[in-house]
Amino acid sequence: MEKNGNNRKLRVCVATCNRADYSKLAPIMFGIKTEPDFFELDVVVLGSHLIDDYGNTYRMIEQDDFDINTRLHTIVRGEDEAAMVESVGLALVKLPDVLNRLKPDIMIVHGDRFDALALATSAALMNIRILHIEGGEVSGTIDDSIRHAITKLAHYHVCCTRSAEQHLISMCEDHDRILLAGCPSYDKLLSAKNKDYMSIIRMWLGDDVKSKDYIVALQHPVTTDIKHSIKMFELTLDALISFNKRTLVLFPNIDAGSKEMVRVMRKKGIEHHPNFRAVKHVPFDQFIQLVAHAGCMIGNSSCGVREVGAFGTPVINLGTRQIGRETGENVLHVRDADTQDKILQALHLQFGKQYPCSKIYGDGNAVPRILKFLKSIDLQEPLQKKFCFPPVKENISQDIDHILETLSALAVDLGGTNLRVAIVSMKGEIVKKYTQFNPKTYEERINLILQMCVEAAAEAVKLNCRILGVGIGGGIIHQHELIHGSSFCAAELGHLVVSLDGPDCSCGSHGCIEAYASGMALQREAKKLHDEDLLLVEGMSVPKDEAVGALHLIQAAKLGNAKAQSILRTAGTALGLGVVNILHTMNPSLVILSGVLASHYIHIVKDVIRQQALSSVQDVDVVVSDLVDPALLGAASMVLDYTTRRIY
């Protein structure tokens, strides 16, 4: 086996509950079947697969030449909330015997259905490792809660998008056990469109139907608002009747409310209407050909917002069932589908369009990644899963010292002339500030910073300030929150490179903004001019015991020193170019310059923006901060924001 320490085949149980999850699981099952030296495959079928009203879809599994080891009748009919609960209970009663007999090493569970929750619960309680497909995604209805509950039970995760991966990490799942693979169904989708499709279209919609001149409709009940979802389905059918295009309507899934939706179909005569073809099930290979060449797909199925994007087929997504899903530009959302006219207008807007194909959910190579991931699973590792919680503050219960103390941060400002360290409270108040002249060498500077921080930390204890951390740096604010970055080094704006052959920077590179425009950079240039007797002009003097600094350069420029003016203009231009780069990358609405040099740079920065920036970002507001000690407050905010926020 590959790196997993196992000396036998990995016994994999794939459990499928309905036509939708089989479309995602089948590619994985085929992949497992092609590697008999590594895997043994057991297939368990349950849920609506075994119900005639929903197409007896277990037959397509047999047609795919898979041996079904176990069939479990787990659905309690009624199609209401109670029936869903009873179905979960029935599955929990029947599954232990099956799992005891099969003894799988790992069970693969897909998605967010109530049947899948029963599978994951049974496997977890019986100490069977669980691989969950499509965790971390966001949608509407009870499915969200079920999906995230399965995530908590699962030991390994295969997700389809980068956002889903980040959601899993935010849910404290172990990053080493998360695979960003893409959706398995895309492995088939991206190779499907060039097949013969007209015969499939004629078989399901009639001989007189042309490509791009029909609609596929698939709408399911919303279990958290059944009454509204039935009304919305009724409005959808009325709009489709008015739109007068041939339409393939698939029956809804088995969720609570589906029986009422079927009654609506029959009340409106959809099964006998000349423009409609109502079917319980279409094999996936044929279904993807139908949606790939449809003029439009309408409904609230995840297929519409996920798989159909691979073909660029227009989609109308109705209601809240898929709210939060990532979608391509082919999807038009009608979240308040409360009138027939609104749905009809959406049909007129979307029908017959062709959008760029989207690969948000996969690139066609998910299955090889999943098989490699399965091979890497080490059965010798402890079964108990671990959660990766973020650091939290020590839980101190009612203690008077804790109640009275002030949450604070140490802020460090590395100026050209002075080094400053401050204790800053959560309210943005500078409790105490320490200032020292900036030493000449790097080593002396670092030692002094450490010394000042130690002194401030000791003083903080006396002032009853609890220091949460030390902050240095600029900041980018997005949606009212600081961006920290993956290693908490985001917004090192001073080290944006604006020249390939610029002056050396303290970071070890050259051509950085800081090497041109910082107080230390201006101090360096001022010393050069002073050493060459080119700094002082009439009306200026520098006492012998006073170090030459940036302020002397600024004074000289104001008094007409052309070389000093040129240096400040170059520094302001470097800063301006850095701001332009930020505008082109982040497109912010506001740029705030802070520090004693900001007022001297702002007009040059605005000129550079006018000359160098794209017209689309030239209207950005550039202002000088009116805060007292903004550098210290900004540095402190990076610590205080991160250590006290609840979401990471």
If you define the side chain from C-beta out and look only at heavy atoms, does anything of [X] sit under 4.5 Å from [Y]?
| X | Y | value |
| --- | --- | --- |
| Glu40 | Leu10 | no |
| Val279 | Trp204 | yes |
| Asp64 | Phe30 | yes |
| Tyr22 | His110 | no |

Give a yes or no on whether the backbone of [Y] and the side-chain of [X] come within a donor-acceptor separation of less than 3.5 Å.
| X | Y | answer |
| --- | --- | --- |
| Lys152 | Met171 | yes |
| His49 | Asn18 | yes |
| Asn317 | His333 | no |
| Asp213 | Val209 | no |

For a quick check under 3.5 Å, do Gln350 and Tyr355 share a side-chain donor-acceptor pair by atom type?
yes
Identify which one of Ser185, Ser302, Ser23 satisfies the side chain to side chain donor-acceptor pair (under 3.5 Å) criterion when paired with Glu307.
Ser185
Would you check, one step at a time, whether the test salt bridge (charged side-chain N to carboxylate O under 4.0 Å, His left out) holds for Glu381 with Arg129?
CA-CA 11 Å; Glu381 286 185 353; Arg129 298 166 195 268; 5.2 Å; no
Can we say Lys385 and Glu173 salt-bridge, meaning some charged N sits less than 4.0 Å from an Asp/Glu carboxylate O?
yes
Which heavy atom in Arg147 sits nearest to a heavy atom in Glu134, and how many Å separate them?
CD-O, 3.6 Å
Stacked cation flag Lys359 on Tyr186, 6.0 angstrom / 45 deg
no
Quick one: is the NZ or CZ of Lys375 closer than 6.0 Å to the six-membered ring centre of Phe38, and within 45° of its axis?
yes
Going by the angle between their ring planes, with limits at 30° and 60°, are His273 and Phe276 parallel, tilted or perpendicular?
perpendicular
